[in-house]
Amino acid sequence: PVHASPYPLGSMTCNDIGAFATQAMQWREDGVSFKDAKTRLDALRPEEESVEKKNMRMVMEIVFGGYGDSWTVESAGNIMRVDCESGR
């Protein structure tokens with residue numbers, strides 16, 4: 001598996017992380033609740049304990065949390081991709 005310190009990415013790349021952040025932010029902008037977004041994630045990644053799903057959950061928590069308050073759909077993806085590339 002690929003690693004970006006300090007967390008493993010599994011089969012995802014930093015671009016994948018950014019793309020999912022964009023998708024999650026679009027859900028938020030569309031008025032999807034965090035609970036419903038988790039249901040959508042379950043449909044995308046049914047494997048409960050996969051590295052990828054854990055990372056996607058982390059991204060969703062950031063997007064739906066306080067950080068997402070000041071992001072746009074486009075900026076969310078860019079910020080999370082750069083964050084991943086820098087190893088955070």
Side-chain angles (χ1 to χ4, degrees):
V2 176
H3 289 271
S5 183
Y7 56 89
L9 295 175
S11 64
M12 297 180 85
T13 66
C14 289
N15 285 335
D16 295 334
I17 294 283
F20 181 70
T22 297
Q23 183 176 23
M25 192 68 199
Q26 185 64 59
W27 291 343
R28 180 181 170 163
E29 291 285 316
D30 291 344
V32 174
S33 70
F34 183 68
K35 180 181 177 183
D36 289 341
K38 289 193 304 187
T39 301
R40 290 180 183 201
L41 174 57
D42 288 340
L44 291 174
R45 288 279 181 183
E47 312 85 20
E48 188 57 38
E49 295 304 318
S50 70
V51 169
E52 294 85 357
K53 189 166 182 179
K54 288 178 184 176
N55 286 332
M56 293 167 94
R57 274 193 197 128
M58 177 199 65
V59 168
M60 279 184 26
E61 288 171 6
I62 293 169
V63 166
F64 279 83
Y67 288 108
D69 291 346
S70 61
W71 292 350
T72 65
V73 171
E74 184 178 322
S75 71
N78 291 333
I79 290 166
M80 291 306 301
R81 179 186 46 78
V82 169
D83 193 59
C84 174
E85 290 171 350
S86 67
R88 289 183 276 187

Working to the nearest 0.5 Å, report the span between CG of Leu41 and CH2 of Trp27. 6.0 Å
Over all heavy atoms of both residues, which pair between Ala76 and Ala21 is shortest? Give the atoms and the distance, please. O-CB, 3.6 Å
Is there side-chain contact between Phe20 and Asn55, with heavy atoms separated by less than 4.5 Å? no
Going from NZ on Lys53 to CE on Met12, what distance comes out if it is rounded to the nearest 0.5 angstrom? 12.5 Å
For the student: nearest non-hydrogen atoms of Ile62 and Met80, plus distance: CD1-CE, 3.9 Å
Could you go step by step and tell me if Asp16 and Glu52 meet the side chain to side chain contact (heavy atoms under 4.5 Å, CB included) rule? CA-CA 10 Å; Asp16 295 334; Glu52 294 85 357; over 6 Å; no
Heavy-atom neighbours of Glu74 CD exceed 12 at 6.0 Å: no
Examine distances only and state if a side-chain atom of Arg28 and a backbone atom of Gly65 form a donor-acceptor pair shorter than 3.5 Å. yes
Looking at CD of Glu61 and NZ of Lys38, how far apart are the two atoms once the value is rounded to the nearest 0.5 Å? 8.0 Å
For the atom pair OG1 (Thr22) and CD (Gln26), what is the distance rounded to the nearest 0.5 Å? 9.0 Å
For Phe64 against Ala24, the heavy-atom pair lying closest together: CE1-O, 3.7 Å
Is Glu85 paired with Arg81 through a side-chain N to carboxylate O contact shorter than 4.0 Å? yes
Do Val51 and Met56 sit in the same hydrophobic cluster, where Ile, Leu, Val, Met, Phe, Trp and Tyr count as joined when their side-chain heavy atoms come under 4.5 Å apart? no
Going from CZ on Phe34 to OG1 on Thr39, what distance comes out if it is rounded to the nearest 0.5 angstrom? 10.5 Å
